[in-house]
Amino acid sequence: AAIFLIISNPALNFIERKMDQPSGRSFMQVLCEKYSPENFPYRRGPGMGVHVPATPQGSPMKDRLNLPSVLVLNSCGITCAGDEREIAAFCAHVSELDLSDNKLEDWHEVSKIVSNVPQLEFLNLSSNPLNLSVLERTCAGSFSGVRKLVLNNSKASWETVHTILQELPDLEELFLCLNDYDTVSCSSICCHSLKLLHITDNNLQDWTEIRKLGVMFPSLDTLVLANNHLNAIEEPDDSLARLFPNLRSISLHKSGLQSWEDIDKLNSFPKLEEVRLLGIPLLQPYTTEERRKLVVARLPSVSKLNGSVVTDGEREDSERFFIRYYVDVPKEEVPFRYHELITKYGRLEPLAEVDLRPQSSVKVEVHFNDQVEEMSIRLDQTVAELKKQLKTLVQLSTSNMRLYYFDQEAPFGPEEMKYSSRALHSFGIRDGDKIYVESKTK
């Protein structure tokens, strides 16, 4: 439902003052411009009235704004907060705020905005140059109610991240993508509330850095590491279970994993159900079918792979495929999972190779007068081409030749092959069938 704002004359004067400034735009200026009656027409319906009180010199309240609870003010050139009293009056009900791709470089200005939005739960500060200032704990305290924070491409330092974690006791989702991290700085304080971490498109190559995330975020449910260059999972199995005891989903899309042992390590996460593994070097030599089946067979607890649900039928097919895939591999190279599946299914014979391509030629009996000749004919040729093939055998010209096809299982007797351009395979000719040849002048 829309929230209707009644703006007094001083608020309108505020817009005019800010429009006269030569550089930079405030949050308050952009807010009033975007949600003005011209851009956001008045909508009738239930809503909560919020108004900016007029000063003694102000004129009576006369303009309305439609202000939703989700504000999207991205790419608006915002550099500062503006009048905090007006922010507080306008934004008391706002729960989500997108300030991405602006020009905010001072955490104090961000704090002025957020501290006056008491219901705020989602905040997107992506692609703001906030690395140009230091986030003090007093400023970070104004974020305390935020549950989802997006700092993609903000180049936020780990020191800034640690300050945020200390002051956001209810933070559940954190986005740190495109921040050029090649290491992870471990905080002395664990964040037990965080359930989801997106840290894609960085340069985290060593497992020693990834394990620090498990130390900092012990309740982590979802870890998205796509487009990093992680080259191996170097951790004992029992240690992995302790590091990520609650991890349910992990994305290693376009990582640098090159060993099946790394895939097997994923079984050490006790609650893992969902995995994304597209675009890793290990799987490049395999066919699409082999990639999925070999991975499904190695991860018995994973119920969703690369976004697709693994059904019980697919799992059984994959596990049987896995056995047959390794049946002729030298004993010392057979993975441990092979022996587990042999215990489950027993030793399986290789599948018979069945050629499902249509037959290209058949052997038929050619009957002419009292003669019978067995010959092989191609099914991709036409009736006219067959007549040319029979010309020498029956000593008739093609124009004087009438052909009949006799299917020994058909109930209607011989079928005349009238049309010269018809392909032989369309008759359904099989080995042992008969072709009768008669002279038209007989």
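Throughout, residue positions are numbered sequentially from 1 according to the sequence presented.
Atom OH of Tyr345 is surrounded by more than 12 heavy atoms from other residues, nucleotides or ligands within 6.0 Å. No more than 12 heavy atoms of other residues, nucleotides or ligands lie within 6.0 Å of CG in Asp312, so this atom counts as exposed by the packing criterion.
Ser126 and Asn124 form a side-chain donor-acceptor contact under 3.5 Å, judged by distance and modelled atom types alone. With no hydrogens or angles considered, a side-chain donor-acceptor pair links Glu235 and Trp207 at under 3.5 Å. For the residue pair Ser111 / Ser142, a side-chain donor-acceptor distance below 3.5 Å is found, with atom types taken as modelled. Side-chain atoms of Thr163 and Thr160 form no donor-acceptor pair, as typed in the model, at a separation below 3.5 Å. A donor-acceptor contact closer than 3.5 angstrom is absent between the side chains of Asn267 and Lys265.
A salt bridge is defined here as a Lys NZ or Arg NE, NH1 or NH2 lying under 4.0 Å from an Asp or Glu carboxylate O, and Lys195 with Glu173 fails to meet this definition. Ion pairing between Arg25 and Glu33 holds under the 4.0 Å rule for side-chain N and carboxylate O. Ion pairing between a basic and an acidic side chain is recognised when a charged N comes within 4.0 Å of a carboxylate O; Lys293 and Glu289 show such pairing. Taking 4.0 Å as the cut-off between side-chain N and carboxylate O, Lys148 and Glu121 do not count as a salt-bridged pair. The pair Arg430-Asp407 counts as a salt bridge, with a side-chain nitrogen and a carboxylate oxygen less than 4.0 angstrom apart. Checked for salt-bridge contact, Lys363 and Asp431 miss the test: no charged N lies under 4.0 Å from a carboxylate O. Salt bridge annotation for Arg147-Glu172: present, with a cationic side-chain nitrogen under 4.0 angstrom from a carboxylate oxygen. Asp264 and Arg337 are not joined by a salt bridge, as no carboxylate oxygen comes within less than 4.0 angstrom of a charged side-chain nitrogen.
Scored by the side-chain hydrogen bond (donor to acceptor under 3.5 Å, both in side chains) test, Ser399 finds Ser397 as partners (sequence neighbours excluded). Residues meeting the salt bridge (charged side-chain N to carboxylate O under 4.0 Å, His left out) test with Arg378, sequence neighbours left out: Asp380.
Judged purely by atom type and a 3.5 angstrom limit, Asp221 has no side-chain atom pairing as donor or acceptor with the backbone of Leu196.
Separation of the Trp260 and Tyr286 ring centroids falls under the 6.0 Å cut-off.
Under the side-chain contact (heavy atoms from CB on, under 4.5 Å) test applied with Asn128, the options Asp106, Thr79, Asn102, Asp101 reduce to a single match, Asn102. Considering Arg320, Lys304, Arg292 in turn, Arg292 is the only one that fulfils the salt bridge (Lys or Arg N to Asp or Glu O under 4.0 Å) rule with Glu314.
Using a 4.5 Å heavy-atom threshold, the side chains of Glu209 and Lys212 count as touching.
For the pair Arg422 and Phe427, the cation sits on the ring face: its NZ or CZ lies under 6.0 Å from the ring centre, inside 45° of the axis.
The heavy-atom pair separating Cys190 from Pro218 by the smallest distance is CB-CD, 4.2 Å.
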